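What you are looking at is a predicted structure, and each value in this text was computed from that prediction instead of being measured. Both ligands and their constituent atoms are indexed starting at 1 by order of listing.
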Amino acid sequence: MDFYAIPFEDQHILYRPLRRLAFVGNAGLISYVREQQAGRSGGNEEIDTFLDSVGFWRPGLSCDPAPNAEDVRPTQAVLLMTNRCNLRCTYCYADGGAAAKVEQLAWEPAKAVIDAVLANATDTENQQSGLTFHGGGEPTLHWDLLERAVAYVRDRSPSCSISCSSNGVWSDRKREFICEHFDNVSLSMDGVEAVQNAQRPSTGGRSSFSSVMESIAGLDEGEVDYGIRMTVLPESVDQVADGVRFLCENTSAATIQIEPTFTSSRGTYADLAEDFADAFASNFMEAWRAGVAANRQVYYSGARPWVVSCAFCLAPVKALCVTPDAKLVTCFEVFSGALPQASPFVVGYVREGRVEHDVPALRAFLAETNRRRESCRQCFCYWHCCGDCMTRREVSAPMTSGRCRVTREVTRQLLASYIAEGDGVWMGIRETEQGESP
Ligand code: SF4
Ligand code: SF4
Ligand code: SF4
């Protein structure tokens with residue numbers, strides 16, 4: 001059974017992730033539960049009544065397995081547009097904008113990928129299709145292709161959802177176009193003005209704050225669905241909550257994602273140091289409380305007790321992601337098939353307008369994802385974090401890494417908050433007249 005005892009203050013949080021159930025208890029209660037699990041009856045009426053009343057022994061939620069590689073039919077087209085960028089973020093995972101050779105996606109592979117996902121969406125009982133612009137640079141700099149892809153998709157499938165990840169440094173014309181045509185925008189912005197300008201300067205070291213705030217105002221005015229993603233460095237970790245308060249007061253963003261940096265310098269992945277991991281976790285929780293007070297969803301990707309999944313990320317099975325060199329990859333951050341770390345992520349290519357899957361390569365990737373997840377069985381985040389993001393795991397090891405330290409501590413603190421809100425018990429599955437409701 002999915003049961004974990006998580007040290008908390010001088011007691012433990014008893015946690016059943018598949019029942020979204022958590023409460024605080026002592027070592028005696030843990031032993032009692034383990035005895036019952038082993039089939040040895042405890043016979044303590046008071047404890048039995050409590051465990052029954054919270055549904056402790058009831059079956060948990062089921063977790064759908066990942067599809068087999070040969071059955072994968074992605075319905076989301078992800079276009080990795082260009083390695084050019086108008087910012088020079090100090091922590092950029094891709095060293096965006098600095099490459100000697102400009103790489104840009106061509107129309108032919110972009111169209112092939114769009115056609116494939118629209119066909120898959122039609123074949124698989126009309127699943128919602130999507131088109132996303134991403135990249136190892138700023139996708140809106142490859143504007144001609146972006147406009148062409150949007151027009152093509154709107155013509156072929158008006159219901160297709162269109163979105164992008166962007167730094168928000170747009171001209172007036174681009175802003176108007178995005179507000180008119182996009183269903184969702186994920187906008188990177190690091191909080192208060194001083195932090196944004198220090199961490200996300202534009203080329204030549206100029207500030208980016210005003211330009212991004214103008215774009216946010218445009219999104220608000222156009223009532224576009226958007227979320228903000230903040231990246232935190234050791235130098236800015238004390239200003240995370242101020243950043244969230246600022247965004248709550250000055251924007252209508254419904255979601256604010258906060259992530260600790262995973263690079264040590266531009267283009268170099270690295271794990272988090274222990275003291276930064278701890279500082280991030282405590283400042284994140286303060287920011288989370290500020291978000292709750294302002295009715296916003298503040299989250300960090302690894303700590304999500306509300307999720308039960310077979311993998312950290314479903315991009316390998318839901319997205320058809322194409323690089324400027326026309327490779328199909330399983331991750332939005334692998335922006336070129338020529339990167340030294342790209343090989344395990346490459347699962348096909350587009351040639352002469354045809355999408356060619358490499359099924360054995362995808363099978364190997366999914367098997368490795370699963371192997372890594374299984375190595376996390378003992379972790380109470382197993383059902384939510386599932387072994388972490390495939391790119392981050394290159395620089396982290398289960399349990400002992402800085403990233404795991406953050407994920408586990410934030411999850412533990414979230415559970416403690418839910419328990420406090422629930423007067424001693426978090427029961428995330430409710431009884432309704434129709435049965436149980438997650
Ligand atoms: S993080 Fe994004 S916006 Fe910043 S330099 Fe890299 S690609 Fe450009
Ligand atoms: S593997 Fe990680 S970085 Fe890549 S798309 Fe998934 S969540 Fe994003
Ligand atoms: S051990 Fe680390 S990677 Fe594995 S589930 Fe736990 S937090 Fe995630």
Flag, side chain of T251 to backbone of L247, donor-acceptor distance under 3.5 Å: yes
Partners of K111 by salt bridge (charged side-chain N to carboxylate O under 4.0 Å, His left out), sequence neighbours excluded? D115
Heavy-atom contacts with ligand 2 below 4.0 Å: which residues, ordered by chain and residue number? F312, C313, C331, F332, E333, C389, M390, T391, R392
Are R173 and E147 close enough for a salt bridge, meaning some N to O gap below 4.0 Å? yes
Taking K174 for the side chain and T140 for the main chain, is one N or O donor matched with an acceptor at less than 3.5 Å? yes
Taking only non-hydrogen atoms of C376 and a 4.0 Å limit, the atoms of ligand 3 in range are 1 (S), 3 (S), 4 (Fe), 5 (S)
R371 vs E374, test: salt bridge (Lys or Arg N to Asp or Glu O under 4.0 Å). Steps then yes/no. CA-CA 5 Å; R371 188 202 61 72; E374 284 311 304; over 6 Å; no
Spell out, as yes or no, whether a donor-acceptor pair under 3.5 Å connects the side chain of Y226 to the backbone of A253. yes
Looking at F209 versus F246, is the centre-to-centre ring distance below 6.0 Å? yes
Tell me if the centroids of the rings in W143 and F177 come within less than 6.0 Å of each other. yes
With side chain to side chain donor-acceptor pair (under 3.5 Å) as the test, pick out the partner of D190 among Q196, Q199, R200. Q199
Within the 6.0 Å centroid threshold, strictly below: F365 and F345: yes
In terms of atom number and element, which parts of ligand 3 are under 4.0 angstrom from non-hydrogen atoms of T407? 7 (S)
Atom indices of ligand 1, in the order listed, that fall short of 4.0 Å to a heavy atom of R266: 5 (S)
Taken in chain and number order and not counting sequence neighbours, the residues that satisfy ring-ring contact (aromatic ring centres under 6.0 Å, His included) with Y300 are F280
Ring-face cation contact, F312 with R304, 6.0 Å cut, 45° max: yes
Going by the 4.0 angstrom heavy-atom rule, the piece of Q199 near ligand 1 is neither
Do any of the N, O or S atoms of C385 sit under 2.8 Å from atom 2 (Fe) of ligand 3? no
Using a strict cut-off of 4.0 Å, indicate which atoms of ligand 1 neighbour a heavy atom of R200. 3 (S), 4 (Fe)
2.8 Å shell around atom 8 (Fe) of ligand 1, exclusive bound, protein N/O/S atoms: 1
One finds that the ligand 3 atoms under 4.0 Å from a non-hydrogen atom of C404 are 1 (S), 2 (Fe), 3 (S), 7 (S)
Main-chain N/O of I6 paired to R412 side chain as donor or acceptor, under 3.5 Å: no
